[in-house]
S.K.: 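Can you read through this structure? Questions will come right after.
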Amino acid sequence: MTDLPSWLSRGTNEIFPSQPDSSDPSENLVARLKATDRPLRIKLGIDPTGADIHIGHSIAMRKLRAFQDAGHKAVLIIGDFTARIGDPTGKSEVRKQLTEADVKRNAETYLDQVKPILDFSEDKLEIRYNSEWLSDLDLNKILELLATMTVGQMLAKEGFDKRYKQESPIFLHEFLYPLMQGYDSVAVEADVELGGTDQKFNIAVGRDLQRHFGRKDDSPPQFGLLLPILLGTDGQQKMSKSLNNYVGLGEAPLAMYSKLEKVPDALIEDYFTQLTKLDLAELPENPRDRQKLLALDVVTQYHGKAAAEEAQKASLELIKGDAKQAEAVPEFSMAELNFPAKFFYVVGKSGLCASTSEAKRQVKGGAVKLDGEKFANPDEMFESAEALAGKVLQVGKKRFVRLVL
RNA sequence: GGGUCGAUGCCCGAGUGGUUAAUGGGGGUGGACUGUAAAUCCACUGGCUCUGCCUACGUUGGUUCAAAUCCAACUCGGCCCA
């Protein structure tokens, strides 16, 4: 049989079912793509559990876009219903439940953030909320769903297995999650479902359920296409907001750029593969140039070329420590401070430190500079704001603020 | 429902009546070094305009000159039995 086209294979971890030598469209995705007489329906579900999505999430979105460009239909499912339960995949704890209002707000910002990635033309994209079909399931239907799987099958799932062995609690409603995600596939008649490698179980459940409930036009059950989980900028754990190793899609150009330009060397090829269309064979030799190219390319995708180049310039200036030169230094008004004031108090209130106590420690530790000069006496008194006006206060290498009246 | 064990700082985890924000590790922040990285070394890591004051060891009460440490009830979780 034929090889996968590169738009399909780039960065793809696994496709299942996969019988590379078969021409049967139910077990070979390339054959399926060829055999179809209609655009395939490509499902990707996201649960609006937080306000931000990051470039790790963008991987599946980009693949979805690739399908759109190849003429297929993206079916983006906003898991407004499932978000309230929480996907137990990879979690060692129960996720806290969200209110309807939270979920709605999150969904809106999500859509906003994926605008640069997806093709939003009407015939290319279908956006569905899974409360549409899940909120009306009656007990009969739920029992039917539950009867398709055994406790053993559920406990074989990685996250549950681990939690079970660690003696941490697993609530019964969590067992429902894979079934609901699978039922989404039934409801939207998905032909392919995209997801991270950790989604294999849930996507496989979708196949089972499609088979169980049958499909309108007797199409074969959905294919699963698994994409790698992006490691965070720390190079250690998967990218996640709570680990603070993420690059958010909604971030400002400079913030995005400066995070991306220090991606560890070991990860940079993965990042190029997953986040850009650049040819890996033509990357620069110098690792530092690679980082810059990556940062520039990704920022361009979300903010345009001009903003990306500006971010690159600003970032260079910041690194040189030339804070006074950089225009991007935010201002902090001292209007609400009470003078006379000790130095650490000013630093603490400036927003550069989390607390005045931390500010004091940072000053003592020699991390604080005023107009580029190290300033290590936390108890230095300033009689009035005028004495500090116009100066640049700096904590560490990355945090700056210009003091104004 | 019965029995039993457990709940400590961002996380893990010591500590079992006595001066002390509370050992250690991870993580984080800062410094040196460097490619702005990694690795390594060092420092810091509850709050407060702070030579001191305040708040902390699941919650609430109690015993005591004194409790994270003892007692009681409650909440939450694990395990065993049903």
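Throughout, a chain's letter reflects where its sequence line sits, starting with A, and its residues are numbered from 1. Remember, predicted model here, so these are calculated numbers, not experimental data.
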S.K.: Looking at C50(B), I'd like to know if its phosphate oxygens (OP1 or OP2) sit under 4.0 Å from a side-chain N or O belonging to Arg361(A).
M.R.: no

S.K.: Is there a side-chain contact between Ile78(A) and Asn130(A) (heavy atoms, below 4.5 Å)?
M.R.: no

S.K.: Output the rounded distance in Å from CD (Glu269(A)) to P (A38(B)).
M.R.: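 Glu269(A) atom CD is separated from A38(B) atom P by 19 Å.
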
S.K.: Quick one: stems involving RNA chain B, counted as three or more successive Watson-Crick or G-U pairs, both distances short of 3.5 Å.
M.R.: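 B:1-7 with B:75-81, B:10-12 with B:24-26, B:27-32 with B:40-45, B:46-48 with B:52-54, B:58-62 with B:70-74 - these are the stems of 3 or more pairs that involve RNA chain B.
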
S.K.: What is the separation between atom CG on Leu260(A) and atom P on G35(B), rounded to the nearest whole Å?
M.R.: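 Checked: the CG to P distance equals 22 Å.
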
S.K.: When only distance counts, do a donor and an acceptor, one from the side chain of Gln291(A) and one from the base of G35(B), lie under 3.5 Å apart?
M.R.: yes

S.K.: Can you find a donor-acceptor N/O pair under 3.5 angstrom joining the side chain of Lys364(A) to the base of C44(B)?
M.R.: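 It does not, because no donor-acceptor pair links the side chain of Lys364(A) to the base of C44(B) below 3.5 Å.
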
S.K.: Nearest to the side chain of Gln362(A), heavy atoms from C-beta on, is which of G30(B), U34(B), C48(B)?
M.R.: G30(B)

S.K.: May I have the distance from Asp234(A) (atom CG) to A37(B) (atom P), rounded to whole angstrom?
M.R.: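 Checked: the CG to P distance equals 15 Å.
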
S.K.: Grab the CD1-P distance between Ile268(A) and A37(B) for me, whole Å please.
M.R.: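 Atom CD1 in Ile268(A) sits about 14 Å away from atom P in A37(B).
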
S.K.: Which value, in whole Å, describes the distance between the C1' atoms of nucleotides G24(B) and A72(B)?
M.R.: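 Straight-line distance between the two C1' atoms is 34 Å.
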
S.K.: Just checking Phe343(A): base, sugar-phosphate only, or nothing, at a heavy-atom cut-off of under 4.0 Å?
M.R.: nothing

S.K.: Centre-to-centre under 6.0 Å for Phe223(A) and Phe16(A), is that the case here?
M.R.: no

S.K.: Between C44(B) atom P and Phe344(A) atom CZ, what is the distance in whole Å?
M.R.: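 About 19 Å, once rounded to whole Å.
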
S.K.: In whole angstrom, give me the gap between the C1' atoms of G27(B) and C11(B).
M.R.: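 Straight-line distance between the two C1' atoms is 7 Å.
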
S.K.: Which of these, Gln199(A), Arg207(A), Gln181(A), sits in a side-chain hydrogen bond (donor to acceptor under 3.5 Å, both in side chains) with Glu193(A)?
M.R.: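 One option only clears the test, and that one is Gln181(A).
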
S.K.: Could you check whether Gln113(A) and His57(A), counting side-chain N and O atoms only, form a donor-acceptor pair closer than 3.5 Å?
M.R.: no

S.K.: For Phe67(A), enumerate each residue passing the ring pair (Phe, Tyr, Trp, His ring centres under 6.0 Å) test, keeping only those at least two apart in sequence or located in another chain.
M.R.: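 Expected list: Trp7(A).
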
S.K.: For RNA chain B, whose closest nucleotide is more 5', that of Ala367(A) or that of Asn338(A)?
M.R.: Ala367(A)

S.K.: Using the side chain to side chain donor-acceptor pair (under 3.5 Å) criterion, which residues pair with Glu386(A)? Sequence neighbours excluded.
M.R.: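 If we apply the side chain to side chain donor-acceptor pair (under 3.5 Å) test to Glu386(A), skipping adjacent residues, the hits are Ser384(A).
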
S.K.: Need one value for Lys374(A): base, sugar-phosphate or nothing, where a base atom within 4.0 Å counts as base even if backbone is also close, heavy atoms only.
M.R.: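 Counting heavy atoms under 4.0 Å across all strands, no contact is made by Lys374(A).
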
S.K.: Can you tell me, in whole Å, how much space there is between the P of U20(B) and that of C53(B)?
M.R.: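 The same atom, P, in both gives a distance of 11 Å.
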
S.K.: When the P atoms of A38(B) and U29(B) are considered, how many whole Å apart are they?
M.R.: 10 Å

S.K.: Less than 4.0 angstrom between a side-chain N/O of Arg399(A) and OP1 or OP2 of G30(B), yes or no?
M.R.: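 Result: yes.
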
S.K.: Check the surroundings of atom NZ in Lys313(A): do more than 12 heavy atoms from other residues, nucleotides or ligands lie under 6.0 Å from it?
M.R.: no

S.K.: Take the protein atom CZ of Arg290(A) and the nucleotide atom P of A38(B), then report the distance between them rounded to whole Å.
M.R.: 18 Å

S.K.: Under 4.0 Å between any heavy atoms, over every strand shown, what does Pro340(A) touch: base, sugar-phosphate, or nothing? Just pick one.
M.R.: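 Base contact.
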
S.K.: Output the single nucleotide from U49(B), G77(B), G35(B) whose closest atom is nearest the side chain of Pro169(A).
M.R.: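 Ranking U49(B), G77(B), G35(B) by closest atom to the Pro169(A) side chain puts G77(B) first.
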
S.K.: Could you work out the separation of G77(B) and U40(B) based on their C1' atoms and round it to a whole Å?
M.R.: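 Their C1' atoms lie roughly 42 Å apart.
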
S.K.: Measuring only the P atom in each nucleotide, how far is G47(B) from C10(B)? A whole number of Å is fine.
M.R.: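 Per the computed distance, 10 Å lies between those P atoms.
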
S.K.: If each of Gly396(A) and Ser355(A) is mapped to the nucleotide of RNA chain B with the nearest heavy atom, which maps nearer the 5' terminus, i.e. the 5' end?
M.R.: Gly396(A)

S.K.: In whole Å, what is the span from the NZ atom of Lys360(A) to the P atom of C53(B)?
M.R.: 14 Å

S.K.: Could you give the distance separating C74(B) and A82(B) at their P atoms, to the nearest angstrom?
M.R.: 26 Å

S.K.: Give me the distance, rounded to whole Å, that separates A21(B) from G46(B) when you measure between the P atoms they each carry.
M.R.: 12 Å

S.K.: Starting at atom CD of Glu358(A), determine the distance to atom C1' of G30(B), rounded to an integer number of angstrom.
M.R.: 9 Å

S.K.: Counting heavy atoms not belonging to Glu310(A), are there more than 12 under 6.0 Å from its CD?
M.R.: no

S.K.: Can you check whether any acceptor in the base of G35(B) is under 3.5 Å from a donor in the side chain of Asp265(A), or vice versa?
M.R.: yes

S.K.: Would you kindly check if the NZ (Lys) or CZ (Arg) of Lys259(A) is within the cone defined by 45 degrees around the ring axis of Tyr246(A) and under 6.0 Å from the six-membered ring centre?
M.R.: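 Yes, Lys259(A) sits over the ring of Tyr246(A).
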
